[in-house]
Each structure stands twice: as C-alpha cells, then as structure tokens.
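First the structure, in the form of structure tokens, and then the observations on it.
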Amino acid sequence: KYPAVGMQLAREIGTTTYRSGPEWEERYGRKRIDENKPHSFKPDFQIESYLNHQGSKFVNHYDPNSLLYISKAMDMFDMGIGQKSFEAGVARVKCPTLVLGVTSDILFPVFQQQEIAQILQSYGTPVTYYELRAKYGHDTFLIDLQTVGAAVKGHLE
C-alpha cells in the first residue's frame, strides 16, 4: 500500500523532538508496561508504547505523500530567497509582530526567535517577544494554552 513502517518510525522519532526530555522523564521515566514480563524487542517501556501508538495513529490518518510535501515545504521556506540576505527578507515585515520562543523547544531554539525579533526591531518593526519557560518543547503552543494565550493577549493589547 505505502511505506507504513517507515512513516510510523518517522512519526515516532519526530514525536520525541516535539516535546522535551524533562517532560518525558516526568511522564514516563523508566516505567515498564509490565514489570513481570521479561524484556523483549516489542515495546517494553510505557514511553515505547506511547510512541508506538502515536506512530500508528499517524499512519492511519495521513497519506505519506502529505508528509513529504509538508516536510519539503518547511525545508524550502526561506525569508531570504529573492532578497540580498535573510535579514533583508525579514526586514520586509512591517506589521506588529509577536515572536514566541520556548526554552525547551529543540526544533526552533530560542536563539533563533531572539534573532528574528532583533532583526525586526533593528528595522523599526514593532515586536513583542516572549520567551516561555515551558516543559512541553515545540508542542507548547498546542498544550500550554494558558501561557501561550497570555502571550498572544499581551501582544494584541
């Protein structure tokens, strides 16, 4: 049908990067599914079971081609294309801008968000920058609605 095993594995690996190590430790630690069963190559720890479930759910809901196209679109996005530099591309943004950084986000680290905010400010764009100290990594915007919502509210007011 399509490369379900590869797609599931990709989702499992991806899922580990969307969140943070401290959150995984707090939620699962080294908890086994069944302490009385001997170790095997099947999911043995609760975290493995969770990742396996997330991968299976993803495979059953999405066409693998959609993942390829979304991934390629993200890879190709560059505000500097057609401009003299990345900075020149970012400088074209003139509307008030909210930039959020999450300290535990390893996909888009805060130093990148700080750089964007600094470039915008240096070109006179009104910027609201918040650095959120959340344990949920990249998925903070999906999980910690109170904190993210407060940042958005602060920017809009």
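- Pairing each heavy atom of Q112 with each of L107, the nearest pair is OE1-O, 4.2 Å.
- Under the 3.5 Å distance criterion, the side-chain polar atoms of E26 are left unmatched by any main-chain donor or acceptor of P22.
- Between E23 and K135 the shortest heavy-atom distance is CB-O, 3.3 Å.
- Two residues are said to be in side-chain contact when any heavy atoms from C-beta on lie closer than 4.5 Å; Y28 and Y50 meet this criterion.
- The shortest side-chain heavy-atom distance between F86 and I119 falls under the 4.5 Å cut-off.
- Linking ILVMFWY residues whenever their side-chain heavy atoms come closer than 4.5 Å, directly or via other members, leaves Y130 and F111 in distinct clusters.
- Taking CG of L120 as the start and CD of E115 as the end, the distance is 10.5 Å to the nearest 0.5 Å.
- The main-chain N or O of V5 is never found under 3.5 Å from a side-chain atom of Q8 such that the two would form a donor-acceptor pair.
- Atom-to-atom distance recorded for E157:CD and K153:NZ is 4.5 Å, nearest 0.5 angstrom.
- F77 and F108 sit in two unconnected hydrophobic clusters of ILVMFWY residues. Membership requires side-chain heavy atoms under 4.5 Å apart, directly or through other members.
- Side-chain atoms of K37 do not come within 3.5 Å of backbone N or O of I33 as any donor-acceptor pair.
- The closest side-chain heavy-atom distance from R27 to R19 is below 4.5 Å.
- In this structure, CG in N65 is found 5.5 Å from CG in L68, a value given to the nearest 0.5 Å.
- In terms of modelled atom types and a separation under 3.5 Å, the side chain of S66 and the main chain of Y62 share no donor-acceptor contact.
- Proximity of a side-chain donor or acceptor of T140 to a complementary backbone N or O of A134 within less than 3.5 Å is not detected.
- Both V93 and I116 are assigned to one and the same hydrophobic cluster, defined by single-linkage of ILVMFWY side chains at heavy-atom distances under 4.5 Å.
- Judged purely by atom type and a 3.5 angstrom limit, D144 uses its side chain to pair as donor or acceptor with the backbone of T147.
- In this model, no donor atom of one side chain and acceptor atom of the other lie less than 3.5 Å apart for Q118 and Q114.
- Residues V110 and V102 form no side-chain contact, since every pair of their non-hydrogen atoms from C-beta on lies 4.5 Å or further apart.
- Between D44 and E48, the closest heavy-atom pair is N-OE1, 2.7 Å.
- Expressed to the nearest 0.5 Å, how far CD1 of I70 lies from CG of D75 amounts to 12.0 Å.
- Side chains of Q54 and N52 form no contact here, defined as non-hydrogen atoms less than 4.5 Å apart.
- In this structure, R92 places its CZ atom where only 12 or fewer heavy-atom neighbours from other residues, nucleotides or ligands lie under 6.0 Å away.
- The side-chain heavy atoms of R30 and F45, taken from C-beta on, include a pair separated by under 4.5 Å.
- The backbone N or O of I13 lies less than 3.5 Å from a partner atom in the side chain of T16, making a donor-acceptor pair.
- Among all heavy-atom pairs drawn from H61 and K57, the shortest one is ND1-O, 2.7 Å.
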Begin from the C-alpha positions of Q113 and Y129 and carry the test side chain to side chain contact (heavy atoms under 4.5 Å, CB included) through to its verdict.
CA-CA 8 Å; Q113 310 319 306; Y129 175 78; 3.9 Å; yes

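- Connection of V148 to L156 is established within a shared hydrophobic cluster, with ILVMFWY side chains joined at heavy-atom distances below 4.5 Å, either directly or through further cluster members.
- Residues S49 and P43 come closest through the heavy atom pair N-CB, 4.1 Å.
- For the atom pair Q46 CD and L51 CG, the distance stands at 12.0 Å (nearest 0.5 Å).
- Residue Y136 qualifies as open at atom OH: its count of foreign heavy atoms under 6.0 Å is 12 or below.
- Side-chain heavy atoms closer than 4.5 Å link hydrophobic residues (I, L, V, M, F, W, Y) into clusters, and following such links, even through other members, never connects M7 to L9.
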For residues 94-101, please give each side-chain donor-acceptor pair under 3.5 Å, one per line with the distance, not counting sequence neighbours.
residue, atom, partner, partner atom, Å
K94, NZ, A91, O, 3.0
T97, OG1, C95, O, 2.8

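- For the pair T128 (side chain) and H155 (backbone), a donor-acceptor distance under 3.5 Å is absent.
- Considering all non-hydrogen atoms of both residues, D105 and H138 come closest at OD2-ND1, 3.0 Å.
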